[in-house]
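Sequence lines set the chain letters: A, B, ... in the order given, protein chains first and strands last, and positions in each chain run from 1.
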Amino acid sequence: MKYEFSRIEKKWQDKWEKEKTYAAKTGDDKPKYYALIEFPYPSAAGLHVGHPRPYTAMDIVSRKRRMQGYSVLLPMGFDAFGLPTENYAIKNKIHPAIVTRDNIETFTKQLKMLGFSFDWDRCIDTTDPEYYKWTQWIFLKLFENGLAYKASIPVNWCTSCKCVLANEEVVNGECERCGAPVTRREKSQWMLKITEYAQRLLDDLDTVDYIERAKTQQRNWIGRSVGAEIDFKTTAGDTLRVFTTRQDTLFGATYMVISPEHPLLAKWSPDNLEEIAEYQTEAAKKSDFERTELAKDKTGVEIQGIRAINPATGGEIPIFISDYVLATYGTGAIMAVPGHDKRDWEFAKKFGLPIIEVVSGGNIEEEAYSDNQLGTIVNSGFMNGLSVDDAKAEMTRWLTEQGIGGETVNFKLRDWVFSRQRYWGEPIPIVHCEKCGHVPLPESELPLILPDVENYETTDTGESPLAAMPDWIATTCPKCGGPASRETDTMPQWAGSSWYFLRYTDPHNKNALASREALDYWTPVDWYNGGMEHTTLHLLYSRFWHKFLYDIGIVPTPEPYMKRTSHGMILAEDGQKMSKSLGNVVNPNDIVDAFGADTLRLYIMFIGDFEKTAIWSSTAVKGCKRFLDRVWNLAENQLEDDTLSAKHEAAIHRAIKKVGDDIEHLKFNTAIATLMALVNDFYDDKELPSKGDIKMLLTLLAPFAPHIAEELWENQDFSGSAATEPWPAYDERKTIESEREIAVQIGGKLRGTVMAPLDADNETVLSIARDDERIKRLIDGKEIVRVIVVKNKLINLIVK
RNA sequence: GCCGGUGUGGCGGAAUAGGUAGACGCACCUGACUCAAAAUCAGACGGUCUAUGACUGUGCCGGUUCGAGUCCGGCCACCGGUACCA
């Protein structure tokens, strides 16, 4: 009988769908396991061969967990709001909702074809009003708790399209679509106070099991630094407050720099007002791209007529404005210590400012000496002779004592810009009332449905398409009943994905985002796998929302995900990213048609290290197909014996151990290699495997290639199914062969191998080695001065 | 610049914890089967040489060790993140 993968796979997929084999049951007595993968964006291009990599991985883990006796939740859904769909809709003049529906249908069909054990009854779609009702509800809660606010901030503005662009749409300072230059423009935007959670987001990383690079990336992104704030008096009478991490170098501060946007500038009337105003205008016009391009060349203008006083030395020092100081970090002002800061050194050199050494150990004539471990404080009055660390503490103490500063902590993390001037997103459920200001919609009015519009394009003034709908905008104030207008901005794509994993636990709940019972049973997520590109956005955002929901008593745990792993990308055969424009996309449908879903699943896991980038190979796929053919043919003739055969027992016990361990450590490639080696053994030995051997092979294979495993299971008349068979235990003692191959080295060089009984003592191994013909010849006439034995592995003879 | 990662055959990649480098697979080669091919099965498969043996080999240079892909010191290349964060 031939391995008819198409018929077999359809047969089992239909059965699983009809019998809801993989439905997750809330409140089951068994221990729960919640496995999660990032839900896809349903693009018009459909699934490509990179998508199934993480899905197959977590499907394997989930299938193993079920066999281990867990109640498993493995859900799938669609993150469907967002720009590509909107752009596609504009281009093809189809409503985004229709585009979304069609794309989801395609994705669902493709996913089902691969035999994942998802609970499809829990499938969610972020654009479904029943779903985004709760996204809006969370926003209202954030607003109620003072974590959502409106602020005027600079946004990316395309000078040709006359619209606001998301950061991702700006490529090298130009508009991604039309190529026109992008400048910055102030616009009023909704913001979320993620910064209020900065410390907790950092601290709680210690409580979760994320791959280290994900933690590091989040830590860097949050960017905590401890330093001091210091007040500098000015001759204008105002106090200029700075933040520094090097308060130990205060005696070396020879000038100050404030950002072009610093608020004191509006108050001061320096002698060169016009020059300063001009610099401010120039700085405002610069795009992010220009700012970074010009990063090496420092520019700035001295504020004439106003000087600051260094509180340590009492000396007057000049004040500059320069765009190398950012308005958004610290206090927007710095004390410049050119002797010990690279940027200050460059600026001082350019403007001919004094450079004073206050930490010895470097050569400040050549470059700034910024090492903060070595070096001794000099030229610093009461701190001379101290180490940098001691001087920091001493200065902090002195500042506090003087009442002009003290220890401060700063974060790089900024608040989250939450508005988009776009159509295809969740409407923000706020109205603007002349009398009452920003007023939240009452919960009873949720969901605030996204209305149909004529045109999905951003308006000429850069407003959302919703701004062109006066009938929808006009409403009454929920508070005072007077006339009011609706917010026309929508939420960013990150909104719906910040809490979707909670909805999976109870996806059809009409009264809450999920019942407490479901949340208590399923959360937190036990294992979450996703792309590294989401580490600083999605992963951080969802941790923030989760902590907030925890604070207001909605969810039971402070962290959403207990374990986080990440997969590498699959590149096209040419080594480039798969993309429609390059025409190098591999469609999983083609692979399934040619080789079957089980082969695709195996190959995508066998392709290489799961965490690393892998290059697709259309020829290598058939190695996995060959393997399944060999498994199929093997099962057709074996010995009628339900126990493990003596010949294969040790190899099987080793395989149970290896495959099980490898699945836990994302080493799917070596797990599959182990199964291949086992099957090769069954062939090589010319000694047929027993029925028991076959059963064990199918059990281990089932998570990887579930269709063929079930089919063969049924053909063999094994009881139950491969999917419900308990995951086998191995016996450590049985993994070991009674005879070991021992490497024989002479002077550290391999000269041969001998067979020795298991755990043979040193003398036995030595005598076996000496009896070996070749070894005998090599050591003949020489004296063995030393013998090193590694038990069951190696013997090394040192001869003279 | 800073942070993280990676360098192993023609190719994808293995190698607990310093102990037989190259598991497993692809490609190529040889043989069996076949009229032939495909498929299948069996075997060979890092390089060099004076080839039943020896030397050499895990990005480069040096070190520790009986023994180094693995540890230490110093470089180089590539990939990812981030970027004037005071």
Side-chain angles (χ1 to χ4, degrees), chain A residues 211-217 219-221 223-225 227-228 242-247 249 253 257 259 288 291-292 294-298 322-326 328-337 340-344 346-347 370 410-414 532-533 535-536 568-569 602-603 606-609 611-624 626-627 629-630 633 658 661 665 667 669-680 683-684 686 741-753 774 785-799:
Chain A
I211 41 169
E212 208 46 45
R213 61 201 160 113
K215 283 192 183 184
T216 311
Q217 237 179 70
R219 286 192 188 111
N220 291 345
W221 187 262
R224 181 180 194 265
S225 28
V242 302
F243 172 71
T244 179
T245 54
R246 292 300 303 271
Q247 59 270 38
T249 62
V257 187
S259 71
D288 279 346
R291 279 205 181 203
T292 48
L294 300 169
K296 295 124 219 158
D297 190 26
K298 301 272 181 295
S322 172
D323 61 6
Y324 89 82
V325 172
L326 307 174
T328 45
Y329 184 77
T331 61
I334 62 154
M335 64 177 207
V337 185
H340 306 284
D341 182 279
K342 191 166 175 273
R343 296 150 302 174
D344 297 345
E346 284 165 11
F347 191 89
S370 51
N410 255 303
F411 295 94
K412 282 190 210 173
L413 187 68
R414 309 286 159 85
M532 276 308 287
E533 70 275 19
T535 305
T536 51
M569 216 188 332
L602 273 179
Y603 180 62
F606 185 64
I607 195 165
D609 186 332
E611 302 194 68
K612 290 194 197 123
T613 307
I615 296 175
W616 179 264
S617 162
S618 53
T619 52
V621 189
K622 61 168 164 287
C624 290
R626 251 176 223 158
F627 165 64
D629 278 330
R630 278 160 75 83
N633 294 331
K658 177 82 176 141
D661 288 352
H665 297 110
K667 304 226 173 246
N669 51 340
T670 47
I672 293 166
T674 304
L675 294 173
M676 287 173 166
L678 187 62
V679 169
N680 289 347
Y683 272 76
D684 285 353
K686 293 180 183 81
E741 191 185 46
I742 306 292
V744 184
Q745 296 184 343
I746 296 175
K749 286 198 174 177
L750 183 70
R751 295 297 166 185
T753 58
R774 193 173 155 204
V785 291
R786 198 177 154 196
V787 179
I788 295 139
V789 179
V790 181
K791 201 167 214 180
N792 295 326
K793 275 202 169 150
L794 170 145
I795 178 164
N796 188 5
L797 310 173
I798 313 301
V799 294

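Each of B:A21, B:C24, B:C84 was ranked by its minimum atom distance to the side chain of A:Tyr324; first place goes to B:C84. Of all nucleotides listed (B:C66, B:U20, B:C24), B:U20 comes nearest to the side chain of A:Leu794. Listed nucleotides B:A42, B:U20, B:G4 differ in distance to A:Arg630; the shortest reach to its side chain belongs to B:A42. Of all nucleotides listed (B:G4, B:G13, B:A23), B:G13 comes nearest to the side chain of A:Asn669. Of the candidates B:A15, B:G4, B:A86, the closest approach to any side-chain atom of A:Lys667 belongs to B:A15. Distances were taken from every side-chain heavy atom of A:Thr216 (C-beta onward) to each of B:C26, B:U6, B:G4; the shortest belongs to B:G4. Considering only side-chain atoms of A:Lys622, the nucleotide from B:G12, B:A27, B:A86 that sits closest is B:A27. Nearest to the side chain of A:Gln217, among B:A86, B:G81, B:A15, sits B:G81. Checking B:C66, B:G25, B:U82 against every side-chain atom of A:Ile798, the shortest atom distance belongs to B:C66.
To the nearest whole angstrom, the two P atoms, one in B:G81 and one in B:C49, are 45 Å apart. Across B:A38 and B:C28, the matching P atoms stand 10 Å from one another, rounded to whole Å. Taking atom C1' on both B:U58 and B:G18, the two are 15 Å apart, rounded to the nearest angstrom. B:G59 sits 6 Å from B:U8 when the P atoms are compared, rounded to a whole Å. Taking the C1' atom of each, B:G22 and B:C45 are spaced 11 Å apart, rounded to whole Å. Nucleotides B:C60 and B:C78 have their C1' atoms positioned 15 Å apart, rounded to a whole Å. To the nearest whole angstrom, the two P atoms, one in B:U82 and one in B:G73, are 29 Å apart. Nucleotides B:G7 and B:C71 are separated by 12 Å at their P atoms, to the nearest Å.
As judged by a 4.0 angstrom heavy-atom cut-off over every strand, A:Ile607 is placed among residues touching the sugar-phosphate backbone only. Among the heavy atoms of the strands lying under 4.0 Å from A:Ser225 are primed sugar atoms or P, OP1, OP2 only; no base atom is included. When heavy atoms are screened at a 4.0 angstrom cut-off, A:Thr536 is found touching no nucleic acid atom at all. Counting non-hydrogen atoms under 4.0 angstrom, A:Thr753 reaches a base of the nucleic acid. As judged by a 4.0 angstrom heavy-atom cut-off over every strand, A:Ala673 is placed among the base-contacting residues. Nucleic acid contact for A:Asp344: none, since no nucleic acid atom lies under 4.0 Å from a heavy atom of the residue.
A sub-4.0 Å separation between OP1 or OP2 of B:C55 and a side-chain N or O of A:Arg751 is present. Distances shown here put a side-chain N or O of A:Lys749 below 4.0 Å from the OP1 or OP2 atom of B:U56. Between B:U65 and A:Asn796, no contact under 4.0 Å exists linking OP1 or OP2 to a side-chain N or O. Side-chain N/O atoms of A:Arg786 include one lying less than 4.0 angstrom from OP1 or OP2 on B:C66.
Note: NZ (A:Lys412) to P (B:C3) measures 11 Å, nearest angstrom. Whole-Å rounding puts the A:Ile672 CD1 to B:G13 C1' distance at 13 Å. Here the P atom of nucleotide B:C3 and the CH2 atom of A:Trp221 are 18 Å apart, to the nearest Å.
Contact of the A:Met335 side chain with the A:Thr249 side chain is registered, since non-hydrogen atoms from C-beta on lie closer than 4.5 Å. Looking at A:Thr328 and A:Arg414, their side chains come closer than 4.5 Å, going by heavy atoms from C-beta outward. Between A:Phe627 and A:Tyr603 there is no side-chain heavy-atom pair separated by less than 4.5 Å. Inter-residue side-chain proximity for A:Asn220 and A:Lys412 is flagged as unmet; no heavy-atom pair is nearer than 4.5 Å.
Taking the syn range as angles within 90° of 0, the glycosidic angle of B:G9 is syn. In B:A23 the O4'-C1'-N dihedral to the base is more than 90° from 0, which defines an anti nucleotide.
Applying the 3.5 Å distance criterion, the base of B:U20 shares a donor-acceptor pair with the side chain of A:Glu741. Scanning atom types as modelled, one donor and one acceptor separated by under 3.5 angstrom connect the side chain of A:Lys298 and the base of B:C84.
Checking B:C84 for Watson-Crick or G-U wobble geometry (two distances, each under 3.5 Å) identifies no partner in any strand. B:C60 is paired with B:G74 under the Watson-Crick or G-U wobble criterion, all donor-acceptor distances under 3.5 Å. When Watson-Crick and G-U wobble pairs are counted only if both distances are under 3.5 Å, B:U40 pairs with B:A32. Taking a pair to require two hydrogen-bonding distances under 3.5 Å in either a Watson-Crick or a G-U wobble arrangement, B:G53 pairs with B:C49. Across the strands present, B:G22 finds no partner; the criterion is a Watson-Crick or G-U wobble pair with both atom distances under 3.5 angstrom.
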Starting from the C-alpha separation in whole Å, work towards a yes-or-no answer on side-chain hydrogen bond (donor to acceptor under 3.5 Å, both in side chains) for A:Arg786 and A:Asn796. CA-CA 8 Å; A:Arg786 198 177 154 196; A:Asn796 188 5; over 6 Å; no
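Residue-to-nucleotide proximity on RNA chain B shows that, of A:Phe243 and A:Gly748, the 5′-proximal contact is made by A:Gly748. Both A:Arg626 and A:Val790 lie near RNA chain B, and the one whose nearest nucleotide falls closer to the 5' end is A:Val790.
Under a 3.5 Å cut-off, the side chain of A:Tyr683 and the backbone N or O of A:Arg630 do form a donor-acceptor pair.
Atom CD1 of residue A:Ile334 and atom OH of residue A:Tyr329 lie 12.0 Å apart, to the nearest 0.5 angstrom. Within the model, atoms OG1 of A:Thr535 and NZ of A:Lys215 stand 13.0 Å from one another, a figure rounded to the nearest 0.5 Å. For the atom pair CD1 (A:Ile742) and CG (A:Asn792), the distance works out to 5.5 Å, reported to the nearest 0.5 Å.
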